[in-house]
**Q** 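This is the structure, below, for whatever I ask next.
In this text, all values refer to a predicted model and were calculated from it rather than measured experimentally. In what follows, residues are counted from 1 in the order of the sequence shown.
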Amino acid sequence: MKDKTLLYPALDAIVGAFLMIITLFVPFASANDDYSERLMSYPDSVYSEEADMKNEDAVHISLIEFIKIDSAAIKTGLYEETAIANMVVIIAFALFSVLTLLFSVIKKPIAILIFNIISFAIMQFIRFDFEDRGVIPSSSYNWGIASIICYIGITISVIGAVLLLIAKIKSKRSIKASE
């Protein structure tokens with residue numbers, strides 16, 4: 001019975017953590033209509049030689065692709081400090097999202113909540129940084145679907161963690177009551 005009462009909340013937390021990880025791979029930035037049309041009018045043209053990106057690749061840019069762009073910037077010596085900081089923050093989000101998934105699988109609600117809070121704070125920082133630097137939103141790019149998926153994932157994972165915590169507390173109470 002204990003496994004069944006913990007299963008559904010743990011699955012909620014796992015689904016939320018997966019959504020957080022998916023955030024890394026779906027568009028974080030999407031070209032606005034005018035810029036998208038310009039890029040797609042020459043889809044095979046080079047957008048960034050250093051990052052090995054064509055125009056069609058730049059219509060939607062994921063956080064993983066931003067790491068690729070930042071890595072290219074470091075190699076060329078452009079905005080090195082900013083690029084390194086951006087990469088570290090995105091990698092930190094990825095790490096804490098994976099830790100959220102790990103602790104969801106092993107059903108540790110307090111750890112899930114802690115890593116969710118950290119992931120949420122990092123995502124807020126990423127969004128602030130991109131806005132502050134004028135990357136997103138800009139005259140060329142708007143926010144992509146990743147922002148929405150991330151917050152949905154964090155919310156689902158938090159709900160799963162809270163339900164998992166409640167189920168564990170109830171399970172411990174019922175064990176004590178039966179003794």
Side-chain angles (χ1 to χ4, degrees), residues 1-30 60-71 73-74 80-133 135-137 141-179:
M1 174 110 170
K2 181 182 176 188
D3 286 338
K4 197 172 188 179
T5 60
L6 299 180
L7 178 65
Y8 295 117
L11 285 176
D12 285 348
I14 290 168
V15 167
F18 267 123
L19 288 174
M20 291 165 59
I21 292 168
I22 288 170
T23 297
L24 297 163
F25 300 97
V26 297
F28 191 71
S30 292
H60 302 288
I61 304 175
S62 69
L63 286 171
I64 295 296
E65 290 167 324
F66 274 113
I67 289 176
K68 192 175 171 183
I69 293 167
D70 289 331
S71 178
I74 292 168
E80 225 172 307
E81 295 83 11
T82 303
I84 290 170
N86 195 42
M87 287 175 63
V88 167
V89 173
I90 293 170
I91 291 168
F93 176 78
L95 173 67
F96 288 112
S97 295
V98 169
L99 287 171
T100 300
L101 176 62
L102 171 69
F103 286 106
S104 297
V105 169
I106 61 174
K107 300 175 183 148
K108 299 292 183 187
I110 301 298
I112 296 168
L113 289 169
I114 290 168
F115 291 121
N116 258 309
I117 291 166
I118 295 170
S119 297
F120 176 77
I122 292 171
M123 181 52 67
Q124 289 297 99
F125 179 79
I126 292 170
R127 285 183 55 95
F128 168 78
D129 177 57
F130 275 57
E131 282 181 26
D132 191 51
R133 290 187 290 134
V135 177
I136 311 168
Y141 286 95
N142 294 312
W143 295 108
I145 192 74
S147 291
I148 296 167
I149 290 174
C150 176
Y151 294 124
I152 291 171
I154 289 171
T155 303
I156 291 171
S157 189
V158 165
I159 291 168
V162 168
L163 293 174
L164 186 59
L165 184 60
I166 292 168
K168 281 189 163 199
I169 291 169
K170 283 182 179 179
S171 177
K172 284 182 183 179
R173 284 184 184 163
S174 67
I175 289 171
K176 283 184 181 182
S178 66
E179 291 177 352

**Q** Does a side-chain heavy-atom distance below 4.5 Å link L101 with M20?
**A** no
**Q** Between the side chain of S104 and the main-chain N/O of T100, is any donor-acceptor distance below 3.5 Å?
**A** yes
**Q** Determine whether a donor-acceptor pair (N or O, by modelled atom type, separation under 3.5 Å) exists between the side chain of N86 and the backbone of T82.
**A** no
**Q** Might you point out which heavy atoms bring I136 and A29 nearest each other, and give the distance in Å?
**A** CD1-CB, 3.3 Å
**Q** Quick one: closest heavy-atom pair of M87 and S71, and the distance?
**A** SD-N, 3.7 Å
**Q** Does F130 have any ring-ring contact (aromatic ring centres under 6.0 Å, His included) partners at least two apart in sequence or in another chain, and if so, which?
**A** F28, F66
**Q** To the closest 0.5 Å, what do you measure between NZ (K68) and CD1 (I61)?
**A** 10.5 Å
**Q** For D129, give me all partners under side chain to side chain donor-acceptor pair (under 3.5 Å), at least two apart in sequence or on another chain.
**A** R133
**Q** Quick check: do Y141 and V135 have side-chain heavy atoms less than 4.5 Å from each other?
**A** no
**Q** Looking only at heavy atoms, what is the nearest atom pair of F120 and I154, with distance?
**A** CA-CD1, 3.7 Å
**Q** Side chain to side chain contact (heavy atoms under 4.5 Å, CB included) between L113 and V162: does it pass, once the steps are laid out?
**A** CA-CA 8 Å; L113 289 169; V162 168; 4.2 Å; yes
**Q** How far does CZ of F115 sit from CD1 of I122, to the nearest 0.5 angstrom?
**A** 10.5 Å
**Q** Can you tell me how far apart CG (L102) and CD1 (I106) are? Round to the nearest 0.5 Å.
**A** 5.0 Å
**Q** Take atom OH of Y151 as the centre, draw a 6.0 Å sphere, and report whether it contains more than 12 heavy atoms from other residues, nucleotides or ligands.
**A** yes
**Q** For I159, what residues pass the side-chain contact (heavy atoms from CB on, under 4.5 Å) criterion, not counting sequence neighbours?
**A** T155, L163
**Q** Could you check if a side-chain atom of V158 sits within less than 4.5 angstrom of a side-chain atom of I117, using non-hydrogen atoms only?
**A** no
**Q** Between K168 and K107, what is the shortest heavy-atom contact and its length?
**A** NZ-O, 2.7 Å
**Q** Please name all residues satisfying ring-ring contact (aromatic ring centres under 6.0 Å, His included) with F93, sequence neighbours left out, ordered by chain then number.
**A** none
**Q** Does any non-hydrogen side-chain atom of E131 lie less than 4.5 Å from one of W143?
**A** yes
**Q** Which value, rounded to the nearest 0.5 Å, describes the distance between S147 atom OG and I126 atom CD1?
**A** 9.5 Å
**Q** Given K108 and I114, is the side chain to side chain contact (heavy atoms under 4.5 Å, CB included) satisfied, shown in steps?
**A** CA-CA 10 Å; K108 299 292 183 187; I114 290 168; over 6 Å; no
**Q** Ignoring hydrogens, what is the shortest heavy-atom contact between A13 and S157? Give both atom names and the distance.
**A** O-OG, 3.5 Å
**Q** With a 4.5 Å limit on heavy-atom distance, are the side chains of I90 and L24 in contact?
**A** yes
**Q** Rounded to the nearest 0.5 Å, what separates atom OG1 in T23 from atom CG in L63?
**A** 7.5 Å
**Q** Can you tell which of I112, V98, I14, I110 makes a side-chain contact (heavy atoms from CB on, under 4.5 Å) with F103?
**A** I112
**Q** Who passes side chain to side chain donor-acceptor pair (under 3.5 Å) against S97, sequence neighbours left out?
**A** none
**Q** Excluding sequence neighbours, so at least two apart, what forms ring-ring contact (aromatic ring centres under 6.0 Å, His included) with F25?
**A** none
**Q** About how many Å separate CD1 of I69 and CD1 of I64, when rounded to the nearest 0.5 Å?
**A** 12.0 Å
**Q** List the atom of P9, the atom of L164, and the distance in Å for their closest heavy-atom pair.
**A** CB-N, 3.4 Å
